[in-house]
Structures are given as C-alpha cells and as structure tokens.
Number of protein chains: 2
Amino acid sequence: MEKKPVTIKEIARRLNISVSAVSKALHDDPSIGLRTRMRVKAMAEELKYEPNQTAIFLQKGRTNTIGVIVPSLVESFFPQVISGIEEVANKHNYVVLLGQSMEDPEREQMLLETMKKHRVDGILISISKNTFQYDHLRKVKESIPLVFFDRIPDMKEIHYVACNLVSGTVQAMNYLLQQKHRVIGMVNGPEKLFSSRERLEGFRQALSKSRLKYDPSLVVNSDLSKESVIQAVKELLANKRKPTALIAFHDNAAIEIIEYLKSIRKDKSIPVVSFANLPMSSHTMFKPAASVEQYPYLQGQKAMEVLIDVLNNKETDQGANTAFYKIILDSRLVLLK
Amino acid sequence: MEKKPVTIKEIARRLNISVSAVSKALHDDPSIGLRTRMRVKAMAEELKYEPNQTAIFLQKGRTNTIGVIVPSLVESFFPQVISGIEEVANKHNYVVLLGQSMEDPEREQMLLETMKKHRVDGILISISKNTFQYDHLRKVKESIPLVFFDRIPDMKEIHYVACNLVSGTVQAMNYLLQQKHRVIGMVNGPEKLFSSRERLEGFRQALSKSRLKYDPSLVVNSDLSKESVIQAVKELLANKRKPTALIAFHDNAAIEIIEYLKSIRKDKSIPVVSFANLPMSSHTMFKPAASVEQYPYLQGQKAMEVLIDVLNNKETDQGANTAFYKIILDSRLVLLK
DNA sequence: TTGAAAGCGCTACCAG
DNA sequence: CTGGTAGCGCTTTCAA
C-alpha cells in the first residue's frame, strides 16, 4: 500500500542531466531547451512524478494552508461559514486546517499554537463565547495574519468581518414596535461578548428612535445554556413591567424560550424574535416569529477574501501595514411563515 | 505583524556551539551535558524559538496531518463524525485538513489529489452519493492509507467503519411489524450506494423472518432530493398494495415525506421510521416515529483509531499488509417521544 | 542552454 | 559528552 516516491533527483539521474535542469524544465523555464524540456516532462509522466510539497513549503516559507477555528460545528451556523471559506480558499489554492474550540478558551489557545506550529499562512477564527482574555490572540497575531469572523473580540487593530447586529436588532425591535408592543424584553448572551453589546446597542437605539425609554431590567444576560436562558426568561416575566414580546440571542435560545413559554401556556401572547443560527428551512416546532439573517456563507467568503488580500499585501509591503479590514455585512430581518 | 523566525542555527551561533548540539539539547538527548542543555533552553526561551515544523516534516517524511473528506457539512451527521475524529486525532497529535466534496465526484477527486500533494499521512473519507466509479480512490490508496466511514464504496481490500444498517433496518421493520403493519414501503437512496443495499437487505431479512414475502414494488429508490423523495412516496401510495407504514432513507427524507403526507392528509394513518442524520433533540415538526441511531461521533472516533493503527503498523511492517479493518457498529432503533 | 552549489531548518549518524 | 557532516526534496543564483 506504499511506494517510495519519485524525486526530481531520480529523473535527473535517469536522464543524465542535473537536478536543476529538471526543476527548471518542469517549470517551463525558458532557459531550458525545448528538447530536454520534453524529455523531462515525458519521464516525469512515466515515473508518475509528484512534487513533494513539504519540500516546497520549506523552501518557499509558505504552506498554502489556512487555519479555521470555530467554536463548534454542531451549531449549524459554522458549517455554512466554513463552506463559504472553503469555496474561496480552494479557488485560490489554499487548503483548510480545521479546529473546534468547543467554546473552551484553553482549547482555543492550543489550536492556535498547533496551527502556528504547522506554519499555516493565516488563520480565520470565531472566538469561543468564554474567551474574554485575548493574550493568546495577540501573541499569534504577531506572527500570523489573523482574520476574525462573526464572534469578534474587543481588540484594536484586527481584521474582521461580521454582520451589523445593531441594525439587525433595530429591525427586529421595529417589527415588534409596529405590532404595538411597548414592553419588550431581551434575553441577551454573555455580557462581554461583542455581539451581545451590539444587540444591546440596537435595542437602545430602536427605543430611543421611538421615543421610548430604555429600562435595563428588561435586558437579561445569559451564558446561552438552556438553564441560563430559561432563568433569564423567568426573570423577565417576573419584572414589574412584564414584557409582551421577547428578543432572543439566537434561534437556539429562541427555541428553548418558546418551548418554555408553551409549557407555561404563555405561547400565544408573547412573540419571540431571534437571530439566525439555524438553516431556518428546518421545520422546527417552537419557531420564532422572525429571525435576523446573518449570511454565514457570505461571511465565510468575505473573511477568506480578506485573508487572501492580507497575505498578498504582506508579500509586497514591507512590514508596517496599518490598514485593517472591517467588513460589516448588513443583516436582515426575515419573517418566518 | 511579522517577524523573521528564530532558527536553531541562530541559537547555536549565539552560544558558540554546533547546531546538532542545540538540536539534541532541545530534545533532552542524554548525551548532552546538563549545563549546555540548560543554556540552550534558556536561550531558546529568550529568543522565543519555535521549531519549524515544515522542516521537520520534510526531514521525517510525515506531516502529522490527516485529511478528512465529507460530502457536506450541512448534513449535520458529518459535523458530529468530525468531532469524533478531531477528538482522537488531537489526542494523538494529528491535525485535520478538511474538505467537502459537495456530493460531486470530481470535486472529491480533486480534494484527494490536493491532500495527497500536501502529504497528509492518511485520509478519512465518506464518499459522495454520486461516486460510483472508484479509480480515483484506488489510485490514492496506492500511496496513502485510506479509511472509509459511513458511506463505503463497494471495493475490496479497504479499511472502513460503518454502522450495521442491516440490523438497524431489521429493527425498524420489526417495530412496524409488531404494530401489525403488513404492507410496508421503503423510500431508499441511490441504488448503487452501499448503504442503500444494506437497507434493502435488512428489509428483506425482516420480511422473511416474519414469513412475509418481499414485494420489490414496495421499495423505491430516490436520489434523496426533495422532489425525488416525494415522487417515490407518490409511487408507493399508488401501488396496488398500498403501504400502511414507511421506512425513509434518513431523517431529512422522513421530514419531507411527513410534511408531504400531512399536506395530503395522510399523516395519521402512516407512520414513518427513518435513519438518524440529525441530532434528534431538535424539536422538529414532522418528526418520524422512530429513527435508527448511527452513532456518528463514535464512528468518527473509531475511524480515526483505525487510521492511527494503520499508520503505526506501516512504520513497523514491511509492505505486504493484508489485514483490513472492517469495523461495524451496531445501530439501534430509537423511539421518538 | 546547462550544471554546480548553496541553502530552506532540522535530524541523525559517526567520529572525536 | 560534543561537533562535523550528510542529507530530506526542491528552488535559485551564478558560472560555465
């Protein structure tokens, strides 16, 4: 099941020419005579020669490999992002090294280091929801181009692509406000998460545009576990101003919330709007009334494009590059039939 | 954002010793005096030396990287397999190069070749549902250890791990037979798919054990697209012996089927049993009555373990290894509440 | 038009 | 205990 691979040297030996000639011939270097070029190609073909990439990697100092770190593939948002990444990566001759952090900052750090060791040319990462300390990210950023997507750390001087959740949240709020809801509650994510803060910002903006006042007790943070989400709902329902509509952090949370509301027979009265992390085609029971689409596939494509750009500029520029990509896609509220 | 990396040679130069001494010191080679070993380590630390894996890869002839090819990450079965793979891969210091074939045999071939170029140590693959021609697989198998999982090609002399779908199908049938169904229809997958044939086999075995005769017109193949699945259902319902229960190829198909049956108001009368490819926790409307669990995570773990074994034996054995792993996990029918 | 040689960074073998 | 030295397979000047 294994054969010793043919090398350029072997071809040279058989043809009684030098390795450098072979190398050049294989690359169609004009300085090599057509005749020998042909002979080399023929021999390469015959011997089924395949260049040893690892040697080329060493020589070129690049691996044509990019690392992708996601919190978890189980959240179906990320497979879609990865598909987008893969599409443009392959088109540009890059290959994808995958790692799941499992929402564990230590694993995240370990993955970053492993990928660095493997000399990936760049890394695309969506940080774990428990990552609040960014030293490991900063450290890696010193030596490898990093592009963040979807879950962005609160750092300066980084490249990232994400959805504009502020406007998404505003849209979600407006939808509910239009339906005459005046007391809207929000089950948010971890307080330190960038995207949680964006949601909060949208929440406040929408209220102020409608000349309603912001009541902090109507926004409850959760760690997105089922228990914590339901706990948050309980708190909201116990509020003196009881909300008549809810905004959930994402579809998974929304589903838990709706299931819970149904179980306590509040389903009819309280619509829930959320942020998409599921392919909403799936015929879910406990479906939210509307969801903010975040275009995972597009995010993946964009992130990879950014990385490729950074990689290309790195070759050209000498060091001190101070331009950082901040690509912000517009999210869009989708009503679910 | 980029620094020129420290090499072993640099450390040697600064310490006025040889590179080989440094290399050995770093590896705690006992032949190096404690004193110099310490000095080397200290210097390495100070300079933040990190070994260049690509050089080591070239030298060692292995990359500690394994390729994983799945049809698509969107089918949530595969992310779970990958998680299993990743778990044991990381434990053994391997890293995962990912590729999605998108059910396209040409892309599948392209991915195999790319991974081969990148000199992965081995490949885990679940073939696309349109792959009926195995030349590309055979070719790669010549030079790189291949382990198949879940979707197995009809080839000799391969390693694979899969679920025993025959017994799973028998269980599913028995479940329906116990409920006094005597005319059971099956919406199967592509005829050439190994797993389709296993389902068919289970279908027939169950019937014969119950002393019922097998009626070929009650099994209809589909390509698993929504249209094709619904077409299959229509055919079955139009059969002279109209089935009173159905077995679907997998949950996705089951959902389409149930949705269709509801739309034509047959829902109550026809239970549907399927094979799990969804995390069934998801609160689906149109849920099948029962589903055959296929343990994706476990399959991933086992497949990776097999590969590691093959890899280790390869080092030891000289060529002619004739033992092939065929790991068959038992599937189990799970009733959905 | 071709070849020799240096070197990418590291390991390993063999003398001292 | 330590240091040359010879590669791993390939690219790339620089001479010839």
What nitrogen or oxygen pairs link the protein and nucleotides 13-16 of chain C at under 3.5 Å?
residue: C:dC13; atom: N4; partner: B:Lys24; partner atom: NZ; Å: 3.2

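- Every side-chain contact (heavy atoms from CB on, under 4.5 Å) that B:Arg151 has, sequence neighbours left out, goes to B:Pro71, B:Glu75, B:Phe78, B:Glu103, B:Ser126, B:Ile127, B:Lys129, B:Leu193.
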Enumerate, atom names and distances included, each donor-acceptor pair closer than 3.5 Å involving a side-chain atom of residues 295-303 of chain B, sequence neighbours excluded.
residue: B:Tyr295; atom: OH; partner: B:Arg332; partner atom: NE; Å: 3.1
residue: B:Tyr297; atom: OH; partner: B:Glu87; partner atom: OE1; Å: 3.1
residue: B:Gln299; atom: OE1; partner: B:Asp150; partner atom: N; Å: 3.2
residue: B:Gln299; atom: NE2; partner: B:Gln294; partner atom: O; Å: 3.1
residue: B:Gln301; atom: NE2; partner: B:Glu87; partner atom: OE1; Å: 2.7

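- Listed by chain and residue number, nothing satisfies the ring-ring contact (aromatic ring centres under 6.0 Å, His included) test with A:His136 (two or more places apart in sequence, or in another chain).
- Two residues are said to be in side-chain contact when any heavy atoms from C-beta on lie closer than 4.5 Å; A:Ile82 and A:Leu73 meet this criterion.
- Rounded to 10°, the angle separating the first-five-pair axis and the last-five-pair axis of the helix from C:dT1-D:dA16 to C:dG16-D:dC1 equals 50°.
- Residues of residues 31-42 of chain A having a heavy atom closer than 4.0 Å to DNA chain D: none are found.
- For B:Phe148, there are no ring-ring contact (aromatic ring centres under 6.0 Å, His included) partners, not counting sequence neighbours.
- In terms of the ring-ring contact (aromatic ring centres under 6.0 Å, His included) criterion, residue partners of A:Tyr325 (sequence neighbours excluded) are, by chain and number, A:His159.
- Interface limits on DNA chain D: the 5'-most and 3'-most nucleotides within less than 4.0 Å of chain A heavy atoms are D:dC8 to D:dT13.
- Applying a 4.0 Å cut-off to non-hydrogen atoms, the residues of residues 7-18 of chain B that approach DNA chain D are B:Ile17, B:Ser18, listed by residue number.
- Listed by first and then second residue, the salt bridge (Lys or Arg N to Asp or Glu O under 4.0 Å) pairs that reach into residues 116-128 of chain A are A:Lys116-B:Glu50, sequence neighbours excluded.
- Sorted by first and then second residue, the pairs that involve residues 33-66 of chain A and meet ring-ring contact (aromatic ring centres under 6.0 Å, His included), not counting sequence neighbours, are A:Phe57-B:His118.
- Contact annotation for B:Ile56: backbone-only contact, meaning every heavy-atom pair under 4.0 Å involves sugar-phosphate atoms and none involves a base.
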